[in-house]
Colleague: 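I have a structure I would like to understand better, so I am pasting it below and will then ask my questions one at a time.
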Protein chains: 2
Amino acid sequence: MKPHAVTIKDIAKELNISVATVSRALRDTYDVNQETRQLVLNKALEMNYKPNYNAIGLVTNSSHNIGIVLPAVVNYYFSTVISGIQEVAYKNGYNIVLYVTNDSAERERDILHDISPGNIDGLLLCVSSESDQDEHFTKIINMGIPIVFFDRVASNIDTSKVMQDDFNGAYAAVDHLIKNGYKKIAHITGPPGLLFTERRMEGYLLALKEHNFPVKKEWIIHSGFTQNCGTADMMQLLKCKEKPDAVFAVNDRKAIGAMLTLKKKNIKIGKQIGIVGFTNDPMSEIISPTLTTVEEPAKEIGRRSCELLMKHIFKKYFIAEEVILPTKLIVRESTQRL
Amino acid sequence: MKPHAVTIKDIAKELNISVATVSRALRDTYDVNQETRQLVLNKALEMNYKPNYNAIGLVTNSSHNIGIVLPAVVNYYFSTVISGIQEVAYKNGYNIVLYVTNDSAERERDILHDISPGNIDGLLLCVSSESDQDEHFTKIINMGIPIVFFDRVASNIDTSKVMQDDFNGAYAAVDHLIKNGYKKIAHITGPPGLLFTERRMEGYLLALKEHNFPVKKEWIIHSGFTQNCGTADMMQLLKCKEKPDAVFAVNDRKAIGAMLTLKKKNIKIGKQIGIVGFTNDPMSEIISPTLTTVEEPAKEIGRRSCELLMKHIFKKYFIAEEVILPTKLIVRESTQRL
DNA sequence: GTGAAAGCGCTAACAT
DNA sequence: ATGTTAGCGCTTTCAC
């Protein structure tokens, strides 16, 4: 039943050489004869040798596992990021270990607490909304486990970060609304304290300022990131003494939630109230009217983060890089006045 | 910098007992004094001990890793299944290792080829469309790595399987169309050779047969699972000499693709052509008209598969179970005649 | 360029 | 109930 997995010892025996040589040949270490190396490689293939990562890990104190810590997986943006990560991790022979926080800071801390060198070689992390403290991150980094943040980053931790250009994306969105004649532009966003939402807010504010548009407190609503939150936020906006004539939503799900409110109230989207989202979730092309949005390079974010993490893992003292990927405004029907 | 991770040896030294006792206490083995056990547990907590899974794995030939092999992750159904799996895996202290096949049988084989006991303790697998042979599955199982299939299963492999009730779901969908007065019902489905598509086909055929409706070859189209395939299939259906007045799509993405074709051609969905999908992707509630569909218990499928896999891993000779979870028809606008 | 041997942290006989 | 010890498969000094 248990056909005894082949080990380097078996290869050594077959070839009448030492395990040390086999080990060196397999890893392409310089001080090994090219002939011997070929012999070993061929034999390994022939015998269907598979490295035992537990043994390797035990001695090198590594695991070939990288962890992904993120708020959710049933989500277009996040699942796309995952697929990007998976692509480069697989190419590099790394396994992905998935941790889902459900946006709970406590869960995030619990997860990080269980992580130790030897079990996880590095972490790709998108911070949970509620996160306020940083020490659980620095503790991980001090253990020698590199972290690369993506999307939602912890701003005062010195490590690599990969983000989309939230500021310019938001600016483009609001600028587009203004150019299309909307004058009273609201912003529905997530909970406060997240860098990417703040950047989008700044883009929104700058666009207003540059065109000398008023900033109304009433027109800026903080709540959750879900579709239902978008629905609720829109309800609230409709109750303002002075109603906005356009809404910039922090993401497509909220934009769609807002559209649902408007549709139910028979308010014409585009004509009466313009809407723009953020992400370019496939849903934004399916809903009608189709949703103008800012496309995020989600897959590329996944790829780049993972590549950066690989560098951190390979070169122990790789200098932290901050990558900001461009976004792109996708104009659709929800911002057409007629 | 490297503060030397604490090991059971350290705990043993502190407590003046042997490593064996510490090891036993930590794992709650029966033959250990309750007092000693508490002492060890407290000390472990105090010293912030974390088990070295490489060491454990090396001696037990295990890894605490379970693999998920599936066609895609950017997909509502699959990402929901993953979240279900993640939930129970996390609870059991297991890591998830993600492998994405992109529906390529070759990729699937490559992935399985790299898997060996000690690195992966068990596999959750949704077979790729193109899969035709089974030996790469049996090879894994013979190595002592249990597999639990979900959704798309390899029918002649004797191991646990978790599926939704494809047959009855499909039957309910078509029966609903018939009861709403549609008479010429087409079926657009995936590539041939997948059990779940066959079951949906059988449900479709039985519903037709029971009502003495004709089965027209022309009205049954096999292609891919994507939205674009749905669009193309619908185009083809519209070219039939005798056009169908309703379409049962194998999944929501294809149903939506079909709807897009109809909308472009200004054919009234529901009134002229009824559409029903399968999955209950959130998109089906967003598109207009909203899409009637058969809800799949995706998260539960993930949970149950993972629970079953845990049983296979824990009890070496757990008898294979086949779980079929109920589906539910969700009636919306796309099948209303007026 | 290659081999011998120690040892990574833990579990599992085998003793006691 | 607890201790002793071998050894899991590999890498890595240290010899030669």
Side-chain angles (χ1 to χ4, degrees), chain A residues 2-41 43-44 47-64 93 116-121 143-144, chain B residues 2-41 43-44 47-64 93 116-121 143-144 314 316:
Chain A
K2 275 273 159 67
H4 167 66
V6 354
T7 69
I8 57 169
K9 215 165 157 182
D10 300 324
I11 300 179
K13 212 174 295 172
E14 285 278 319
L15 257 35
N16 267 317
I17 56 177
S18 74
V19 290
T21 306
V22 176
S23 169
R24 288 191 271 248
L26 250 19
R27 281 170 304 139
D28 199 6
T29 311
Y30 45 94
D31 53 354
V32 57
N33 189 315
Q34 280 309 308
E35 270 180 52
T36 328
R37 198 173 107 73
Q38 261 321 314
L39 238 47
V40 170
L41 258 34
K43 206 61 175 177
M47 298 177 73
N48 193 24
Y49 165 76
K50 286 172 200 164
N52 182 319
Y53 291 112
N54 282 323
I56 297 173
L58 184 56
V59 52
T60 60
N61 203 33
S62 69
S63 65
H64 269 69
S116 61
N119 300 333
I120 292 287
D121 294 354
M143 291 200 296
Chain B
K2 275 274 159 67
H4 166 66
V6 356
T7 70
I8 56 169
K9 215 165 159 182
D10 300 323
I11 301 180
K13 210 174 296 171
E14 284 277 318
L15 258 33
N16 267 318
I17 56 178
S18 76
V19 290
T21 305
V22 176
S23 169
R24 286 190 274 249
L26 251 20
R27 281 170 304 141
D28 199 6
T29 311
Y30 44 94
D31 53 355
V32 55
N33 188 314
Q34 279 309 306
E35 271 179 52
T36 330
R37 199 173 106 72
Q38 261 322 314
L39 238 48
V40 171
L41 257 35
K43 206 64 178 176
M47 298 177 73
N48 193 25
Y49 165 77
K50 286 171 199 165
N52 182 319
Y53 292 112
N54 283 321
I56 297 174
L58 184 55
V59 51
T60 60
N61 203 33
S62 69
S63 65
H64 269 69
S116 62
N119 299 334
I120 293 285
D121 294 353
M143 290 200 297
F314 294 148
K316 219 53 196 165

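First the proteins, then the strands, lettered A, B, ... as listed; each starts at 1.
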Colleague: Closest approach of A:Val19 and A:Lys9, non-hydrogen atoms and distance?
Modeller: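 The pair with the smallest heavy-atom distance is CG1-CA, 3.7 Å.
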Colleague: Nearest 0.5 Å, please: how far is CD1 in A:Ile56 from CG in A:Asn61?
Modeller: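 The CD1 atom of A:Ile56 is 13.5 Å from CG of A:Asn61, to the nearest 0.5 Å.
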Colleague: Between A:Asn61 (CG) and D:dT12 (P), how many Å, whole number?
Modeller: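 One finds 12 Å between P of D:dT12 and CG of A:Asn61, rounded.
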Colleague: Could you tell me how far apart B:His64 (NE2) and C:dC10 (P) are, to the nearest whole angstrom?
Modeller: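 Taking NE2 of B:His64 and P of C:dC10, I get 13 Å after rounding.
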Colleague: B:Ile11 CD1 to C:dG9 P: how many Å, rounded?
Modeller: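 The distance from CD1 of B:Ile11 to P of C:dG9 comes to 13 Å, rounded to the nearest Å.
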Colleague: Could you state the atom-to-atom distance from CG of A:Asn119 to C1' of C:dC10 in whole Å?
Modeller: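 Answer to the nearest Å: 13 Å.
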Colleague: Please report the shortest heavy-atom distance between A:Val40 and A:Ile17, naming the atom on each side.
Modeller: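 The answer is CG2-CD1, 3.8 Å.
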Colleague: Quick check for you: to the nearest 0.5 Å, what is the distance between A:Ile8 atom CD1 and A:Leu26 atom CG?
Modeller: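 It comes to 7.5 Å.
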Colleague: Please enumerate all protein N or O atoms sitting under 3.5 Å from an N or O of nucleotides 2-5 of chain C, with distances to 0.1 Å.
Modeller:
unit_1 : atom_1 : unit_2  : atom_2 : d
C:dT2  : OP1    : A:Thr36 : OG1    : 2.8
C:dT2  : OP2    : A:Asn33 : N      : 2.8
C:dT2  : OP2    : A:Thr36 : OG1    : 3.4
C:dG3  : OP2    : A:Ser18 : N      : 3.0
C:dG3  : OP2    : A:Ser18 : OG     : 3.0
C:dG3  : OP2    : A:Thr21 : OG1    : 2.5
C:dG3  : N7     : A:Arg24 : NH2    : 2.7
C:dG3  : O6     : A:Arg24 : NH1    : 3.2
C:dG3  : O6     : A:Arg24 : NH2    : 3.1

Colleague: Quickly work out the B:Leu39 CG to D:dT2 P distance and round it to whole Å.
Modeller: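 Atom-to-atom, B:Leu39 to D:dT2, this comes out as 10 Å.
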Colleague: Go through it in stages, so that I can follow the logic: the residues are A:Asn119 and A:Ser63, the test is side chain to side chain donor-acceptor pair (under 3.5 Å), and I'd like the CA-CA distance, side-chain angles, deciding distance and then a yes or no.
Modeller: CA-CA 5 Å; A:Asn119 300 333; A:Ser63 65; over 6 Å; no
Colleague: State, to the nearest 10°, the angle formed by the axis through the first five base pairs of the helix from C:dG1-D:dC16 to C:dT16-D:dA1 and the axis through its last five.
Modeller: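 The angle separating the two end axes equals 30°.
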Colleague: Remember a base hit wins even if backbone is also touched, and classify A:Ile8 as base, sugar-phosphate or nothing at under 4.0 Å, heavy atoms.
Modeller: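 Here A:Ile8 touches the bases of the nucleic acid.
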Colleague: Base, sugar-phosphate, or nothing for A:Ser23, non-hydrogen atoms under 4.0 angstrom?
Modeller: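 Base contact - A:Ser23 has a heavy atom under 4.0 Å of at least one base atom.
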Colleague: Which of the following nucleotides, C:dT11, D:dC10, D:dT11, is nearest to the side chain of A:Ala55?
Modeller: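 Nearest nucleotide to the side chain: D:dC10.
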Colleague: With sequence neighbours excluded, tell me which residues meet salt bridge (charged side-chain N to carboxylate O under 4.0 Å, His left out) with A:Lys43.
Modeller: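 Here the qualifying residues are A:Glu14, A:Glu46.
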Colleague: For A:Tyr53 and D:dT11, give me the distance from atom OH to atom C1', rounded to whole Å.
Modeller: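 So the OH-C1' distance, A:Tyr53 to D:dT11, works out to 15 Å.
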Colleague: Is A:Tyr49 near enough to D:dC10 that one of its side-chain N or O atoms lies under 4.0 angstrom from OP1 or OP2?
Modeller: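 Looking at the OP1 and OP2 atoms of D:dC10, one of them is under 4.0 Å from a side-chain N or O of A:Tyr49.
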Colleague: Can you work out whether B:Leu58 or B:Arg27 has the more 5'-proximal nearest nucleotide on DNA chain C?
Modeller: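 So the residue in question is B:Leu58.
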Colleague: Tell me: NZ of A:Lys13 to P of D:dG9, nearest whole Å?
Modeller: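 Rounding to the nearest Å, NZ of A:Lys13 and P of D:dG9 are 11 Å apart.
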Colleague: Does any N or O in the side chain of B:Asn52 come within less than 3.5 Å of the main-chain N or O of A:Leu58, such that one atom is a donor and the other an acceptor?
Modeller: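 Side chain of B:Asn52 to backbone of A:Leu58: no pair is present.
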Colleague: Grab the CD1-C1' distance between B:Ile56 and C:dC8 for me, whole Å please.
Modeller: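 Computing the B:Ile56:CD1 to C:dC8:C1' distance gives 14 Å.
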